[in-house]
Amino acid sequence: MTKSLSFACLVSASALLSAAVACSASASSADFGAESKDRDAAGAIPGQADAGAADNGEAIESLVLVHASPNLPAFRVCFDALPEGAPLPRSRPMPRSNTVGVDIGSASYLDVDADLAALRAAGPSLPAHVISVDELADKANVPCGQLMDNLRSRNQLGVNYWDVSVPVEAVAPGAHAIAIVGCSNAFGSDRPECVVIKNGTVDQKNGTVAVRSLELPGRTTRFFSVAGALLTPRSDIVALKFRDVLGNPAFGQRTELKEQRDDGSDFEPNEIEALKFTTLGGANVTQTMIATQAYTAPLVLPRLYFQHDNPVTIALVGAQNPIPGHPGRALHLIAIPSRDPERPPPAPDAGTLPTFDASAPDAARDAKTD
């Protein structure tokens, strides 16, 4: 794992499980995109795995967009390489909402299977734009090229959209998260949690809004497994408790994958209700597995969200002293399974995953957990 400054993280907790993550809060701009022992070095996609893939699980293909900014509103994202497409996500509503987008302190899977070739061919970095969902209220399906022309003509940079650069590695084969971090000047960017790189400069309009690319565990596992990640800059040590040591992540990194349950079975409902994730040290957060899931997908059955063969990354987001106005701004944990729980796993000979259809009936989405 590559990093300039280290974080110490311990994880322990609940009668069945415990694990720890130790963290250091500032890292250089090269501190993201951590290496992992479970990385799919061959960059295989489902149906094209090498002969040894059976021993290492099936390759996972997914792309997740995470809202880890202390002060940006809910948003969607446009890539310059996809001028004809609507902003991403294109169909998935925010938790407990009928508005499409990525809610504050939440995450959303992006269904971009048909667009990946264009993104991967666009160059070493992908110019992109984070756009407020309020700006998209009456133009949700307007193509990105037309939308950006309109925003620029109205001088909305730093007000309703923010420019970022996404490394092409974030759309490489495998499972990846694109985390939007930093702050907009329009809402105040002088808070400690707004600084995203050491000695970073604050753009007059764009503020410190930037991207952290996070590689997620890239293969299915035989047992329920957990990794930890830090997506909020901190200057103190934070311990995340679940069972076993996860590793030493820095800002924009995840830990090594660790197995947390060794019987190869999924959780019973009463187990999920009892199990908790806890942070100690500078951050004091205690969340049940269901509460942690609720930040991203409250309508999915917990037993489908936390499956034994789908590794989960638990990410710390939010601020210790948040700007008022939304519960997602406070320090909390979100759970990000590497494989999208709302999409069926690919068939053994499938090269791509089916496109999510928001209009199709889905028992997992319709079944409430609270």
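For clarity, every value in this text was computed on a predicted model and none was experimentally measured.
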Phe306 ring centre to Arg261 NZ or CZ under 6.0 Å, with the angle to the axis within 45°? no
Gln146 side-chain N/O to Pro143 backbone N/O, donor-acceptor pair under 3.5 Å: no
Smallest separation among heavy atoms of Leu333 and Thr292, with atom names: O-CG2, 3.6 Å
Report yes if some heavy atom in the side chain of Ile272 is under 4.5 Å from a heavy atom in the side chain of Ile290; otherwise report no. yes
Does any non-hydrogen side-chain atom of Thr296 lie less than 4.5 Å from one of Tyr305? yes
Taking Arg92 first and then Asp111, would you say they form a salt bridge - that is, a charged N and a carboxylate O separated by under 4.0 Å? yes
Do Val159 and Phe75 sit in the same hydrophobic cluster, where Ile, Leu, Val, Met, Phe, Trp and Tyr count as joined when their side-chain heavy atoms come under 4.5 Å apart? no
I'd like to check Asn71 versus Ser184 (side-chain heavy atoms, cut-off strictly below 4.5 Å). Are they in contact? yes
Any donor and acceptor pair, going by atom type alone, linking the side chain of Thr313 with main-chain N or O of Gly228 inside 3.5 Å? no
Do Val211 and Pro167 have side chains that get closer than 4.5 Å, going by heavy atoms? yes
Taking Ile104's backbone N and O only, do any of them form a donor-acceptor pair with Arg329's side chain (distance below 3.5 Å, no angle check)? no
Less than 4.5 Å apart, side chain to side chain, heavy atoms only: is that true for Asn206 and Asn185? no
Selection residues 122-156 - residue pairs positive for disulfide bond (SG atoms under 2.5 Å apart), sequence neighbours left out: Cys78-Cys144
Closer than 3.5 angstrom, by distance alone: can the side chain of Ser338 be matched with the main-chain N or O of Pro217 as a donor-acceptor pair? yes
With no hydrogens and no angle check, is any side-chain donor or acceptor of Glu271 less than 3.5 Å from a backbone partner on Glu268? yes
Cluster link Leu126 to Leu88, ILVMFWY, side chain under 4.5 Å: yes
Side chains of Val312 and Pro337: closer than 4.5 Å at any heavy-atom pair? yes
Hey, are the side chains of Leu257 and Thr221 touching, using non-hydrogen atoms and a 4.5 Å cut-off? yes
State, with a plain yes or no, whether a side-chain heavy atom of Phe223 is found less than 4.5 Å away from one of Gln260. no
Taking Leu82 as the starting point, is it possible to reach Ile180 by hopping between hydrophobic residues whose side chains are less than 4.5 Å apart? yes
Kindly work out whether a path of hydrophobic side-chain contacts (I/L/V/M/F/W/Y, heavy atoms less than 4.5 Å apart) joins Leu110 to Val130. yes
CZ/Arg90: more than 12 non-hydrogen atoms of other groups inside 6.0 Å: yes
Measuring from Glu215:CD to Glu169:CD, what's the distance to the nearest 0.5 Å? 10.5 Å
Pairing donors with acceptors under 3.5 angstrom, does anything connect the side chains of His308 and Asp263? no
Which Ile, Leu, Val, Met, Phe, Trp or Tyr residues join Ile131 in one cluster when any pair of side-chain heavy atoms under 4.5 Å counts as a link? Leu136, Val142, Leu147, Met148, Leu151, Leu157, Tyr161
Nearest 0.5 Å, please: how far is OG in Ser91 from CG in Asn141? 10.0 Å
Can a donor-acceptor pair be found, under 3.5 Å and without considering hydrogens, that links the side chain of Thr220 to the backbone of Asp309? no
Counting N and O atoms only, with roles assigned by atom type, does the side chain of Thr208 sit under 3.5 Å from a partner on the main chain of Cys183, one being a donor and the other an acceptor? yes
Side-chain donor/acceptor of Thr279 to backbone N/O of Val285, under 3.5 Å: yes
Asn150 and Glu135 have their tightest heavy-atom pair at OD1-OE2, 4.3 Å
CG of Leu246 to CD1 of Ile314, rounded to nearest 0.5 Å, is 9.5 Å
So, taking the atom named CG in Asn160 and the one named CG in Asn155, what distance separates them when rounded to the nearest 0.5 Å? 11.0 Å
Looking at Asp163 and Lys205, is there a salt bridge between them, counting it only when a charged N and a carboxylate O are closer than 4.0 Å? no
Whether His332 and Tyr295 hold their rings parallel, tilted or perpendicular, with breakpoints at 30° and 60°: parallel
Okay, side chain of Asn310, backbone of Arg339: is any donor-acceptor separation there less than 3.5 Å? yes
For the residue pair Ala315 and Leu231, what are the closest heavy atoms and their distance? CB-CD1, 3.9 Å
When rounded to the nearest 0.5 Å, the distance separating CG of Asn56 from CD of Glu58 is 10.5 Å
Nearest 0.5 Å, please: how far is CD1 in Ile178 from OG in Ser108? 11.5 Å
In one Ile/Leu/Val/Met/Phe/Trp/Tyr side-chain cluster, 4.5 Å: Phe79, Trp162: yes
With distance as the sole test, does Arg219 use its side chain to make a donor-acceptor pair with the main-chain N or O of Gly57 at under 3.5 Å? yes
